[in-house]
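Step one of this worksheet: look at the structure below.
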Amino acid sequence: MSANPTHTFTMPIEPESPIVTPAVPEKTYTEQWVYNLVVHAPTLTTGNVRIELLPYDPTTQEIGPGTLNQPVYTDKLWEAVAAVPEVAVAFQAVINCVGPLRSWIDAQNALPPAE
């Protein structure tokens, strides 16, 4: 039996019993959570930054669904560093934390002292 390429298929399959999904109450999030932060700086003159934000409820500490992701993106990293003081401070903070973070990771991975 060969398939008919001009036939449009529909799939109305009747379930054995009705499928009922629970109602989802409306939710208001008053803050946003930094879900992902990527800085790509391949040269001294080119780069981008992407910050992905998810809804956050500080009262319940609930992070909202990924479907509500709100990206903040620019492909002008160095212009943003020069023009927005907070971006410059944040970028410097990332640079400053690399050494201490490496030390912390090394300490976490160190074998416990022999007794």
Side-chain angles (χ1 to χ4, degrees):
M1 181 176 182
S2 63
N4 181 349
T6 61
H7 182 76
T8 303
F9 291 94
T10 59
M11 204 174 295
I13 299 171
E14 189 172 319
E16 293 177 350
S17 60
I19 299 169
V20 178
T21 59
V24 178
E26 184 176 277
K27 178 103 177 116
T28 300
Y29 296 92
T30 58
E31 295 181 10
Q32 290 182 300
W33 181 267
V34 176
Y35 169 73
N36 197 14
L37 170 63
V38 178
V39 176
H40 180 70
T43 73
L44 296 174
T45 58
T46 63
N48 63 64
V49 61
R50 179 181 186 87
I51 304 169
E52 295 178 352
L53 303 171
L54 292 179
Y56 178 69
D57 182 336
T59 303
T60 63
Q61 296 185 333
E62 177 186 354
I63 298 171
T67 55
L68 297 176
N69 179 357
Q70 292 185 340
V72 177
Y73 175 83
T74 182
D75 62 356
K76 298 177 181 175
L77 170 64
W78 300 113
E79 289 179 41
V81 167
V84 183
E86 294 83 355
V87 174
V89 168
F91 196 70
Q92 188 62 56
V94 169
I95 292 167
N96 292 348
C97 83
V98 172
L101 180 57
R102 282 179 176 159
S103 296
W104 181 83
I105 292 168
D106 290 345
Q108 299 302 306
N109 294 328
L111 295 173
E115 293 186 28

Enumerate donor-acceptor pairs with a distance under 3.5 Å from any side-chain N or O in residues 25-36 to protein atoms, sequence neighbours excluded.
| from | atom 1 | to | atom 2 | distance (Å) |
| --- | --- | --- | --- | --- |
| K27 | NZ | D57 | OD2 | 2.6 |
| Y29 | OH | E62 | OE2 | 3.0 |
| Q32 | NE2 | Q70 | OE1 | 2.5 |

Return a table of donor-acceptor pairs under 3.5 angstrom between the side chains of residues 75-92 and protein atoms on other chains or two or more places apart.
| from | atom 1 | to | atom 2 | distance (Å) |
| --- | --- | --- | --- | --- |
| W78 | NE1 | T43 | O | 3.1 |
| W78 | NE1 | T46 | O | 3.1 |
| Q92 | NE2 | N96 | OD1 | 2.9 |

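Here the closest heavy-atom approach between residue L54 and residue P65 is recorded as CD2-O, 3.6 Å.
With a 6.0 Å radius and a threshold of 12 heavy atoms from other residues, nucleotides or ligands, L44 has its CG atom at or below the threshold.
Follow the hydrophobic side-chain contacts under 4.5 Å out from I51 and you never reach L68; the two are in separate clusters.
Here L37 contributes atom CG and L53 contributes atom CG; the two are 10.0 Å apart, rounded to the nearest 0.5 Å. For the atom pair OG of S103 and CD of Q108, the computed distance is 11.5 Å after rounding to the nearest 0.5 Å.
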